[in-house]
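Just so you know, these numbers come straight off a predicted model, no measurement behind them. Heads up: numbering here begins at 1 and tracks the sequence. Side chains included, hydrogens not; waters and symmetry mates left out as well; all remaining heavy atoms used.
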Amino acid sequence: MESEPHMSAPVLAAYGYCEAITGQQARNFAYGIRLLPAPKRRAMSALYAFSRRVDDIGDGALAPEVKAARLEETRTLLARVRDRTVEEDDTDPVAVALRHTADHFPVPLEGLDELIDGVLMDVRGETYETWDDLRVYCRCVAGAIGRLSLGVFGTEPGAPGAERAPEYADTLGLALQLTNILRDVREDAGDGRTYLPADDLAKFGCSAGFAGPNPPEGSDFAGLVHFEVRRARALFAEGYRLLPMLDRRSGACVAAMAGIYRRLLDRIERDPEAVLRGRVSLPGREKAYVAVRGLSGLDARHVSRRTVRRRA
């Protein structure tokens, strides 16, 4: 990580720690942020490292009441970051890096409070009757991350419609999260979690859940998956309107991350039952191709042309 005149050694070390976590644990996220200039890449790594900590508490083996207490401790740490009381020599490198990020980028730190709220929903074992219910959860755990990321990316001066950029960033987060939910339906079932709306499960005869590698007997599992894929595609289409508002490298980062998930969605659509047999993923070479495509600006130009045609 290159040195900068205004950045102290402790802050550089804190960012180095966050970048190491991101490189080791962010399967898809890391492909996008590699395309960013160093200051934005470091800031995104700080956001990821804090978010990873919150997610790890929720996904761990602790008792629910212990998880809830740990999450509230993390919220207290976030309050210290927000109040600028975390010093450079603090023993928590993630807090040090996040404080520096908050000092240099207009990130809405309340989005991390929303993430904690969403993970608390998991800890409580909440289920969702309708898409509107699930949407609330997705906005907490993914839409908020989209809005936080936009604080790092910024929008291009004079970009048409930039006042709606937070809305599009939020919607793109929802698209990614719904894709995650489809991909992980069997794994989540094994952990006792059900995210897909109960109304949708009932509509397609899938209320019995997904305990094995085969759909519930008599169900229209493929119909359920295709229904949710269409919903996710509509979210992607809306969220992609963010791309022309970003500078080239920020747009490339978003296009790479979203592009990986859109390709996952394509695979799920082609073979819906694959999500019951194992984890659907993309090979590294395909992720690299998506990253290069994002850097080329093809997706942003396509969205721009489509927006112009819509206005004509």
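A donor-acceptor pair under 3.5 Å is formed between the side chain of Thr85 and the backbone N or O of Arg80. With hydrogens and angles ignored, the 3.5 Å screen pairs no side-chain donor or acceptor of Ser219 with any backbone N or O of Pro215. Judged by distance alone, with hydrogens and angles left aside, the side-chain atoms of Lys67 form no donor-acceptor pair with the main-chain N or O of Val123 at under 3.5 Å. Distance alone, capped at 3.5 Å, is enough to place a donor-acceptor pair between the Thr74 side chain and the Arg70 backbone. With Arg249 contributing its side chain and Leu35 its backbone, the two residues share a donor-acceptor pair below 3.5 Å. Between the side chain of Thr22 and the main chain of Cys18, a donor-acceptor pair closer than 3.5 Å is present.
Annotation: side chain of Arg135 is in contact with side chain of Leu235 (closest heavy-atom distance under 4.5 Å). Between Leu178 and Cys138 the shortest side-chain heavy-atom distance does not fall below 4.5 Å. At a threshold of 4.5 Å between non-hydrogen side-chain atoms, the residues Tyr48 and Ile145 do not count as touching. Proximity of Met121 to Cys140: side-chain heavy atoms (C-beta onward) are separated by under 4.5 Å at one or more points. Using a 4.5 Å heavy-atom threshold, the side chains of Ser45 and Tyr15 count as separate.
With salt bridges taken as basic N to acidic carboxylate O contacts below 4.0 Å, one links Arg53 and Asp92. Salt bridge Asp200/Arg231: present, at least one basic N to carboxylate O contact under 4.0 Å. Using a 4.0 Å cut-off between charged nitrogen and carboxylate oxygen, Asp266 and Arg270 do not count as a salt-bridge pair. Using a 4.0 Å cut-off between charged nitrogen and carboxylate oxygen, Asp56 and Arg52 count as a salt-bridge pair. Remark: Glu269 engages Arg233 in a salt bridge, criterion side-chain N to carboxylate O under 4.0 Å. A salt bridge between Arg279 and Glu187 is present, with a side-chain N of the basic residue lying under 4.0 Å from a carboxylate O of the acidic one. For the pair Glu19 and Arg41, the salt-bridge criterion is met [side-chain N within less than 4.0 Å of a carboxylate O]. With respect to Lys40 and Asp247, a salt bridge is recorded, a charged nitrogen being found less than 4.0 Å from a carboxylate O.
Geometric assessment of Arg262 against the ring of Tyr240 yields a positive cation-pi assignment under the 6.0 Å and 45° thresholds.
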Checklist entry - Where do Arg267 and Leu282 land on the side-chain contact (heavy atoms from CB on, under 4.5 Å) test, with the steps shown first? => result CA-CA 9 Å; Arg267 290 192 170 206; Leu282 298 183; 3.4 Å; yes
Checklist entry - Can you list the steps and then say if Thr194 with Tyr128 is a side-chain contact (heavy atoms from CB on, under 4.5 Å)? => result CA-CA 8 Å; Thr194 301; Tyr128 308 97; over 6 Å; no
Next on the checklist: Does Met245 form a side-chain contact (heavy atoms from CB on, under 4.5 Å) with Glu156? I'd like the steps, not just the answer.
Outcome noted: CA-CA 6 Å; Met245 302 175 185; Glu156 286 283 80; over 6 Å; no
Next on the checklist: Set out, in order, the CA-CA distance, both residues' side-chain angles and the distance that settles side-chain contact (heavy atoms from CB on, under 4.5 Å) for Glu273 and Phe221, then state yes or no.
Outcome noted: CA-CA 8 Å; Glu273 291 187 22; Phe221 181 72; 4.0 Å; yes
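For the pair Pro216 and Gly205, the tightest heavy-atom approach, listed with the atom from each and the gap, is CB-O, 4.1 Å.
Around CD of Glu217, the count of heavy atoms belonging to other residues, nucleotides or ligands within 6.0 Å does not exceed 12.
Residue pairs meeting the salt bridge (charged side-chain N to carboxylate O under 4.0 Å, His left out) criterion with at least one partner in residues 106-117, sequence neighbours excluded, are Arg75-Asp113, Arg75-Asp117, Arg82-Asp113, Glu114-Arg147.
Of the listed residues (Asp184, Asp122, Thr127, Asn180), just one forms a side chain to side chain donor-acceptor pair (under 3.5 Å) with Tyr195, and that residue is Asp122.
Note: Leu47 CG to Leu148 CG = 5.5 Å, rounded to the nearest 0.5 Å.
Using modelled atom types and a 3.5 Å distance limit, the side chains of Glu238 and Thr171 yield no donor-acceptor pair.
Residues satisfying the salt bridge (charged side-chain N to carboxylate O under 4.0 Å, His left out) test with Asp188, not counting sequence neighbours, are none.
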